[in-house]
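Just so it is clear, the structure is predicted and the values come from calculations on it, not from any experiment. Convention: sequence-line order gives letters A, B, ...; per-chain numbering from 1.
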Number of protein chains: 2
Amino acid sequence: MLSQRRKDMASQTEENYLKALYSLSVGKIEVNISELSAALNVSNPTVNSMVKNLKTKGLVKYEKYKPLSLTEKGRKAAALIVRKHRLTEMFLVEKMGFGWEEVHEIAEQLEHVNSSKLFDRMDELMDFPLVDPHGSPIPDRNGNISESAYEPLSKFSVGRKVKLAALGHSSTEFLKYLNSRELSLGTEIEIKSIEPYDGSMVLSYQNHASETFTKAVCESLLVERVG
Amino acid sequence: MLSQRRKDMASQTEENYLKALYSLSVGKIEVNISELSAALNVSNPTVNSMVKNLKTKGLVKYEKYKPLSLTEKGRKAAALIVRKHRLTEMFLVEKMGFGWEEVHEIAEQLEHVNSSKLFDRMDELMDFPLVDPHGSPIPDRNGNISESAYEPLSKFSVGRKVKLAALGHSSTEFLKYLNSRELSLGTEIEIKSIEPYDGSMVLSYQNHASETFTKAVCESLLVERVG
DNA sequence: CTAATATGTTAGAGTCTTCTAACAAATATT
DNA sequence: AATATTTGTTAGAAGACTCTAACATATTAG
């Protein structure tokens, strides 16, 4: 029998609109129709009619000619899709040996699978990670993001003092590399300078006054602010 | 951006028609429109028009008022969907700790994911299994099914020792029934006696010295010889 | 402030998948 | 064989998602 989605559930297409709106809403509340159509690679009229549809479902706030925003219901729905996406990426990398470049496309498809069991099981098998390796937080089963989400070191600027809180990934080589630099979880770090050319950072920590790390490495060092 | 399927690829709906046709074709070549509409829970005219569509794509053979069948191209396409379904079921059970009853619904969704990498990786992580947790054979990357070495238990005679290798079908009730008898894949079984009247068999296995199974059940227990 | 530009909306149409109602062909029954 | 039943087909329509063309409103620049 042809498996069909429950009527009260967002279609895959609707889910993609919600997710895009969610991403575009990071750091602001309202989003333009045009931003959304650019993000989804779809025409303005298409977005316009979908937005009306999402409004009748109580997922977005919207008035003619005004920018739009997610309702609380819409925000939660979107966060749950993002949760599925990020858990999937994490699982593919951590448990199935994929590289980070390969997983996005697969997660784009798996994020629409209707089975909280599947994703909760992934979560469990990975010991409930709070962030994905890019430092992006993974929403919990209720669509909430833990307050203390860590950020990649690469996002900060010179002078910042931080504490190493987590690693973006935990390959043996990466761990060995960090050991060789005597950098471990909990270490306090200060950013001494940033090379504008390639984004590499010079850090000082413990008895290391000046160690250089590439941008790629700094993106996998997840930190929290100190002081 | 909204991820869309390649134009030369079957839609999810088309894939479901191919898969149903494939299942209905087991043991025969041709299938009725009505059988297909019953299997897919869809009206006759709907199947009729989809079949015409699949014909123009070279996936089914069909003439007005005649029964239909898969072309070689359609057979292969269907087998590859079945491969994805069965690998997924197997992976969920073997690697993610799901029960047999829980995995079908999830696999129904994952089978439409477009990523041979994902499924080949599952295959590899499980050491290339030949059958899924319900005992059905898993087609290879080319859509071919390995000649099954398994035979129904009902073919054997008293004194034979065998190992349960696969199941002929996978209804939830059948699975529950086997669970209730503590009979699972891999269990070694000896045929103690056969009732000539109705073909039912008395078996001994593990800590069950004497359990009776009907002929119908024994025909769905696929086994390999032991010793 | 008015004109030019950017952004948003409406109208109308096309594809995909589905339906029901009405009709046609094939099969089974008497 | 003639009729009844089952099976298959055609026609027409609807909903979801998309488009382009034309028009309306907002915003920006002179």
Footprint string (nucleotides 21-29 of chain D, 5' to 3'): B base within contact, S backbone only, - free, heavy atoms under 4.0 Å: B---S----
List the atom pairs, with distances to 0.1 Å, where a side-chain N or O of residues 113-120 of chain A and a protein N or O form a donor-acceptor pair under 3.5 Å, not counting sequence neighbours.
from: S115(A); atom 1: OG; to: L118(A); atom 2: N; distance (Å): 3.1
from: K117(A); atom 1: NZ; to: E102(B); atom 2: OE2; distance (Å): 2.7
from: D120(A); atom 1: OD1; to: R83(A); atom 2: NH2; distance (Å): 2.7

Which residues pass the side chain to side chain contact (heavy atoms under 4.5 Å, CB included) test with K66(B), sequence neighbours left out? E63(B)
Mind checking S34(B) for me? I need base, sugar-phosphate or nothing, with any heavy atom below 4.0 Å counting as a touch. sugar-phosphate
Quick one, which residues of residues 46-56 of chain A touch DNA chain D with a heavy atom under 4.0 Å? T46(A), S49(A), M50(A)
Any non-hydrogen side-chain atom of V47(B) less than 4.5 Å from a side-chain atom of Y17(B)? yes
Closest of dG8(C), dT9(D), dC17(D) to the N44(A) side chain is dG8(C)
Taking the minimum atom-to-atom distance to the side chain of E14(B), which one of dT17(C), dG8(C), dC19(C) wins? dT17(C)
Rounded to whole angstroms, how far apart are CD1 on I33(B) and P on dA24(C)? 19 Å
Is the phosphate of dT18(C), meaning OP1 or OP2, less than 4.0 Å from a side-chain N or O of S43(B)? no
Check whether any side-chain nitrogen or oxygen of S11(A) sits under 4.0 Å from OP1 or OP2 of dC17(D), and answer yes or no. yes
With sequence neighbours excluded, residues passing salt bridge (charged side-chain N to carboxylate O under 4.0 Å, His left out) with [X]:
X       : value
K19(A)  : E108(A), E111(A)
R160(A) : none
K155(B) : none

Taking only residues at least two apart or on different chains, which pairs with a member in residues 66-89 of chain B satisfy ring-ring contact (aromatic ring centres under 6.0 Å, His included)? H85(B)-H104(B)
Residue pairs meeting salt bridge (Lys or Arg N to Asp or Glu O under 4.0 Å), one or both in residues 29-38 of chain A, sequence neighbours left out, come to K28(A)-E35(A)
